[in-house]
Amino acid sequence: MTTLLISDLHLHPGAPQVTEGFLHWLDERARGCEALYILGDFFEAWIGDDLLDLGEQDPTGNAALAARIAAALKRLADGGTAIHLMHGNRDFLLGERFAAAAGASLLPDPSVVTLGGKRVLLMHGDSLCTRDEAYQAFRAQARHPLWQEQVLSMPIQERIALARQLREQSGEANSNKAEDIMDVTPDEVVKVMAEHGVTTLIHGHTHRPAVHELEVDGQPAKRYVLGDWQPGKGWEILVEEVGEPTLQAVYYPQA
């Protein structure tokens, strides 16, 4: 009755070591577990589920990567593992078609689930970074159904170019931001946890793996932050049927 949680793999063709490491992790760690939660930024970018139609015609390699990842997840799901996918700030256009191909279900952000016998709030984490006002304005636009509909109606090559442009702009903007602006806002964390009536929060996004102790409505609480994946090293949270979550680094062989 083991549950695993991961986030921020940022899978893309330019990082084959992370892809191979994730597939190794699926076979060695995730197979046989009750549930797997992927809390956003699974892919570095996602331009729409019709990416799967391109196959070998996609010169970027993203279509082949997506098909390979979906097939690996489907094998895990066929073995009895429930797979839940949450959108991140990079792959918010992931849709039902990819989820179906992967044998997964899309999980709203935020969601409250029962893990280890207690209610736990799951989030990607970007909505907690309220001091980054420029990003929050973009997030509100990018999550709006009309904006997404407009983007998905664009020819696929234009969407590929748009995704590249957005990544470049994000990198440039982040390089000029103070570190604390890109981290969560403590008051927002407490507010959101209180609103959902939980004392445990698990999220990713910030790439700052840690376990933080805090107080929510006078009760001791914990915030677990998943780390991002790099060649040779990833991060997971392990939750048994009863007990506290365990945040730990996972190491995998590099080709």
Side-chain angles (χ1 to χ4, degrees), residues 2-13 18-19 22-23 25-27 29-55 58 60-115 120-127 139 142-154 156 159-160 163 202-205 226 228-229 234 236-237 239:
T2 298
T3 295
L4 289 168
L5 302 96
I6 58 175
S7 73
D8 298 280
L9 281 80
H10 296 272
L11 297 174
H12 65 97
V18 177
T19 298
F22 170 65
L23 296 174
W25 180 87
L26 277 184
D27 285 333
R29 294 285 297 159
R31 197 155 308 283
C33 71
E34 180 182 16
L36 168 62
Y37 290 87
I38 303 173
L39 301 185
D41 283 0
F42 188 34
F43 292 97
E44 173 66 5
W46 191 262
I47 60 169
D49 287 3
D50 55 349
L51 174 70
L52 298 170
D53 295 329
L54 292 182
D58 175 20
T60 69
N62 282 290
L65 171 65
R68 188 180 180 201
I69 294 300
L73 289 175
K74 185 65 165 57
R75 288 193 295 272
L76 183 68
D78 288 345
T81 298
I83 303 174
H84 306 277
L85 284 171
M86 180 177 285
H87 291 131
N89 54 295
R90 300 281 188 173
D91 52 12
F92 51 82
L93 291 177
L94 273 172
E96 293 289 354
R97 180 178 171 192
F98 176 82
S105 61
L106 294 178
L107 184 71
D109 179 7
S111 286
V112 176
V113 301
T114 300
L115 298 176
V120 176
L121 178 61
L122 304 181
M123 306 177 71
H124 175 56
D126 57 332
S127 63
R139 186 182 191 276
R143 299 300 179 100
H144 196 286
L146 291 179
W147 186 89
Q148 294 189 3
E149 182 180 349
Q150 180 181 9
V151 169
L152 291 172
S153 69
M154 295 166 58
I156 197 163
R159 278 181 271 148
I160 291 173
I202 297 175
H203 70 84
H205 178 65
L226 283 157
D228 60 319
W229 286 48
E236 69 178 23
I237 286 177
V239 187

Can I get a per-line list of side-chain donor-acceptor pairs under 3.5 Å for residues 64-83, giving both atom names and the distance, sequence neighbours left out?
| residue | atom | partner | partner atom | Å |
| --- | --- | --- | --- | --- |
| R68 | NH1 | E20 | OE2 | 2.6 |
| R68 | NH2 | E20 | OE1 | 3.2 |
| R68 | NH2 | E20 | OE2 | 3.1 |
| K74 | NZ | D78 | OD1 | 2.8 |
| K74 | NZ | D78 | OD2 | 3.3 |
| T81 | OG1 | C33 | O | 2.7 |

Those residues that, when tested against S105, pass side chain to side chain donor-acceptor pair (under 3.5 Å) (two or more places apart): H84
Sequence neighbours excluded - salt bridge (Lys or Arg N to Asp or Glu O under 4.0 Å) pairs with any residue from residues 33-47: E44-R90
For T19, side chain to side chain donor-acceptor pair (under 3.5 Å) partners two or more places apart: none
Non-neighbouring partners of F43 that pass ring pair (Phe, Tyr, Trp, His ring centres under 6.0 Å), sequence neighbours left out: W46, F98
Which residues share a side-chain contact (heavy atoms from CB on, under 4.5 Å) with D228, sequence neighbours left out: D8, H207, Q230
Salt bridge (Lys or Arg N to Asp or Glu O under 4.0 Å) against D49, all qualifying residues, sequence neighbours excluded: none
All side chain to side chain donor-acceptor pair (under 3.5 Å) counterparts of D109, not counting sequence neighbours: none
Residues which pass side chain to side chain donor-acceptor pair (under 3.5 Å) with H203, listed by chain and number, not counting sequence neighbours: R223
Residue list, side-chain contact (heavy atoms from CB on, under 4.5 Å) with D27, at least two apart or on another chain: R31
Contacts of H205 that satisfy ring pair (Phe, Tyr, Trp, His ring centres under 6.0 Å) - sequence neighbours left out: H124
Counterpart residues, salt bridge (Lys or Arg N to Asp or Glu O under 4.0 Å), relative to D91 (two or more places apart): none
Spatial distance of atom CD1 (I156) from atom CG (D50) [nearest 0.5 Å]: 4.5 Å
